[in-house]
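Model, not experiment: these values are computed from the prediction. Lettering of chains follows the sequences in order, A, B, ..., and the numbering in each one begins at 1.
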Protein chains: 4
Amino acid sequence: MSSNNLLDKIIQQSKLSKKETAKQQRIVETAIALFAERGYAHTSTSEIAKHSGVAEGTIFRHYGTKENLLLSVIVPFLKESMPSLAEEISEQVDPRGFGSFGEFVRALIRNRFEFLMANREIFRVVAKEMLYRDELRAELFPHVGGAIFGFLGRALAHFKERGELADIPPPELAKLMLTTIAGSFVARIVLAPEPPGEEAEADLERLARFVLEGCASGRAAL
Amino acid sequence: MSSNNLLDKIIQQSKLSKKETAKQQRIVETAIALFAERGYAHTSTSEIAKHSGVAEGTIFRHYGTKENLLLSVIVPFLKESMPSLAEEISEQVDPRGFGSFGEFVRALIRNRFEFLMANREIFRVVAKEMLYRDELRAELFPHVGGAIFGFLGRALAHFKERGELADIPPPELAKLMLTTIAGSFVARIVLAPEPPGEEAEADLERLARFVLEGCASGRAAL
Amino acid sequence: MSSNNLLDKIIQQSKLSKKETAKQQRIVETAIALFAERGYAHTSTSEIAKHSGVAEGTIFRHYGTKENLLLSVIVPFLKESMPSLAEEISEQVDPRGFGSFGEFVRALIRNRFEFLMANREIFRVVAKEMLYRDELRAELFPHVGGAIFGFLGRALAHFKERGELADIPPPELAKLMLTTIAGSFVARIVLAPEPPGEEAEADLERLARFVLEGCASGRAAL
Amino acid sequence: MSSNNLLDKIIQQSKLSKKETAKQQRIVETAIALFAERGYAHTSTSEIAKHSGVAEGTIFRHYGTKENLLLSVIVPFLKESMPSLAEEISEQVDPRGFGSFGEFVRALIRNRFEFLMANREIFRVVAKEMLYRDELRAELFPHVGGAIFGFLGRALAHFKERGELADIPPPELAKLMLTTIAGSFVARIVLAPEPPGEEAEADLERLARFVLEGCASGRAAL
DNA sequence: CATGAATGAGCTTTCATTCAT
DNA sequence: TATGAATGAAAGCTCATTCAT
């Protein structure tokens, strides 16, 4: 049904390797750390082997290819990052309808920020490789982006009916929201990796306010 | 005063190579095209040599290192992208004070978009490598970011005095503006490289409106 | 008496592994098929393991080395291919003296062709490896070749007494016969592996006639 | 016109590398010697590099692939071994029509034997790899074999008209001749590589006689 | 100045073999 | 006895860089 080669590989991949050896875990953890630090291209498999106290052959016994190891890092992250979103948000806000648009945006931002901070090393890897490797982007973007877009689109439609949003086509609004929020997260987590500071709270609130105003109805275009 | 190794190298670099021969131009142009297409790491110097009709040795005679060739691509772009900004914007808007905040933001967005579209291949290279190579980011960010930040900070202070802005510390507001605008540009030019479509106009206007609303005073935080 | 390392190993090998378990049989059968198809060097032990439904360790438990597994394929073939020859031929022809030389040659050719066709996969393996691996050839050739040569020499001496053969030293004649017959078989079974066609009969008859004429007395050297 | 991938590659290959460096010559010579001695699969590129006093990278700069190096060894040999045949034979025998069949066969055998002895190392490589590597055989066989077959077929037709040959279809006769002659050469040069002995003369004469009788008319099939 | 042959360190990957379970 | 995860040496190959011409 899907002609997506890479995604198929990824899914099979994550199905097959259900039982993770202790060594496999160490390999993946090390790979995440090194990929995040130096990037995929500048990390050699021999370094990964050395740092995880494993023979180089072991890596290839389990992952076959260096590329495949990268996917084994990225895929679970993406799998977890997408479908859980809608449910979690719904639970955290009003299950019957997200409450107000403000509540929704704040919950969305906070939820994703926490998720990305909890997985910030993988996020760094994904962000860098997504930008760098055209095939990865070309094949994963539609799926990941599509899911997020779909979720956000439905939510915006809901709030627009209530008259809380500016008169902008919801897809365009979704795009603006996403680039703003994602831009903020990338700037904070990938570009300027700082220890999880305390100002995060205030920053997130400012970001939320900025997004809300940008989406809000009730003011003519200036 | 500055212990910045890379920047010194860059500056020397651009001083030394004042007289660009025809061959050097071809080398740099080819490098830009190939780096943009496949990324720095996946482009070999022999490919650059072949595509520009030059012997491989010639590249190293002029640039010494592959890394240095990358800098010779990036540096003029950055040099041109920064200082010109303030002047151009000032000229395009009201030289005495940018006119209204709306005018300013619209001019800023349009001016930078045109600049980046005109140099979109280099922009792709810079964006990718900026994210990928930590040293590059660590060393260039303060300078480039600082300049932009300074300019934007002064402008925001100006408009805040006039009461056109929300009650947010200007640096924070600058950050939000920049991530939003940059996020949009990266999404459009780097992530989803399309032929310069006609909808650009409308998109830019929506982006401007979104930013303006986000910055605007006159509404309580929701 | 014999300083032949390899042959000793082979003999021990075939003595020790008298009792072949079902798994061992599957291993050897798979090895034959894969060696014949891709050659020894291009067949990995893990492939053999996978195709025979056995763990890789099991192969090494039984055969110790990949090389040894090859011998376990080759040796029984050679053991069966040699001593049986004289008896079978004798039985199939006139037990008292092979009948006429023509009968003898035809029986010889037919008997060996059937034997090789029945074991054609192993024959492919042996032919390829015999040519490819110098030690194998150097050590096995004298023994195998010697046996065949001895048998054929005796037969030729017998027919020469009867005056049926040209005036050529029997060893030289044996060599010519063997290279011609073996050349034909290798061409047909190894070089151009076709499904056992019906023209085999006619081909064999032509081969026999060619050999017979070449050996025949009664005509001056042209 | 020809869908033969490998042969195309080969031909381009030998055209491109017209100018052979001194180092290239040493590489090819070493490769021939080592391939002949141990076989292609058991010879590593690092060994070739070491033995020819060259860096390993140099091999790949010139030949790209180990496989390609093999072709660079085989191709000139095949190119020289085929087309020259007809002319040389014609010259060595009676230019108006090969003289008698006996003259023709003796000239053919002697000419090819000398050619193969002069190139005996390459012949060993070709023989081994031809047997071992199915793709090589599948792609080269039709072309090489076809040329030889064509030449021999025409010659046989010529002599058959004169009534010098047995009543066997010329293609079948050609096959028998070729397997017999080739079998002899392989046995002598590849299987039992001896220093060029003096008995060669007598052996060749016996081989010629054997072939002649096998082809001769004038005797009923026995 | 320009060339391009040569270099060699380093890369990813393969695979026969070992050994704790 | 059978397993299969782990090993590590060695393979083929890439590529930035050097240097004699």
Chemist: Pick out the pairs of N or O atoms, protein on one side and nucleotides 12-14 of chain E on the other, that lie under 3.5 Å.
Modeler:
{"from": "dT12(E)", "atom 1": "OP1", "to": "K66(A)", "atom 2": "NZ", "distance (Å)": "2.8"}
{"from": "dT12(E)", "atom 1": "OP2", "to": "T45(A)", "atom 2": "N", "distance (Å)": "2.8"}
{"from": "dT12(E)", "atom 1": "OP2", "to": "T45(A)", "atom 2": "OG1", "distance (Å)": "2.9"}
{"from": "dT13(E)", "atom 1": "OP2", "to": "K66(A)", "atom 2": "N", "distance (Å)": "2.8"}

Chemist: For T58(D) and for T58(B), locate the closest nucleotide of DNA chain E by heavy-atom distance; then report the residue assigned to the nucleotide nearer the 5' terminus.
Modeler: T58(B)

Chemist: Atom CG of L69(C) and atom P of dC15(E): how far apart are they, to the nearest Å?
Modeler: 16 Å

Chemist: So, is H62(A) close to the dA6(F) phosphate, meaning a side-chain N or O under 4.0 Å from OP1 or OP2?
Modeler: yes

Chemist: Which residues satisfy the side chain to side chain contact (heavy atoms under 4.5 Å, CB included) test with A33(C), sequence neighbours excluded?
Modeler: E121(C)

Chemist: Using OP1 and OP2 only, check whether a side-chain N or O of K23(B) sits under 4.0 Å from dT3(E).
Modeler: yes

Chemist: Rounded off to whole Å, could you give me the CD1-to-P distance for the I27(B) and dC1(E) pair?
Modeler: 13 Å

Chemist: Can you tell whether the side chains of R133(D) and E139(D) come within less than 4.0 Å, N to carboxylate O?
Modeler: no

Chemist: Q24(A) has an atom CD; how far is it from atom C1' of dA6(F), in whole Å?
Modeler: 12 Å

Chemist: Any sub-3.5 Å donor-acceptor pair from S52(A)'s side-chain atoms to I48(A)'s backbone N or O?
Modeler: yes

Chemist: Can you tell me how far P of dA16(E) sits from CD1 of I59(C), to the nearest Å?
Modeler: 9 Å

Chemist: Checking R38(B) now: which residues fulfil side chain to side chain contact (heavy atoms under 4.5 Å, CB included) with it, not counting sequence neighbours?
Modeler: L34(B), H42(B), T43(B), E47(B), H51(B)

Chemist: Checking salt bridge (charged side-chain N to carboxylate O under 4.0 Å, His left out) for the pair D134(D)/R124(C): CA distance, chi angles, key distance, verdict?
Modeler: CA-CA 12 Å; D134(D) 292 9; R124(C) 273 172 210 145; over 6 Å; no

Chemist: Are V125(B) and L70(B) side-chain neighbours, meaning at least one heavy-atom pair lies under 4.5 Å?
Modeler: yes

Chemist: Over how many whole Å does the gap from Y63(C) atom OH to dT1(F) atom P extend?
Modeler: 14 Å

Chemist: Nearest-Å distance, NZ (K50(C)) to P (dT3(F))?
Modeler: 15 Å

Chemist: Run the side chain to side chain contact (heavy atoms under 4.5 Å, CB included) test against A41(A) and tell me which residues pass, sequence neighbours left out.
Modeler: A41(B), Y132(B)

Chemist: Whenever both distances are under 3.5 Å in a Watson-Crick or G-U wobble pair, mark it; put DNA chain F into dot-bracket that way, with [ ] for crossing pairs and | when the partner is on another strand.
Modeler: .||||||||||||||||||||

Chemist: Rounded to the nearest Å, what distance is computed from the CD1 atom of residue I48(A) to the P atom of nucleotide dT7(F)?
Modeler: 15 Å

Chemist: Under the rule for ring-ring contact (aromatic ring centres under 6.0 Å, His included), what residues qualify as partners of Y40(B), not counting sequence neighbours?
Modeler: F35(B)

Chemist: For the residue pair E56(B) / S46(B), report whether a side-chain donor-acceptor contact shorter than 3.5 Å exists.
Modeler: no

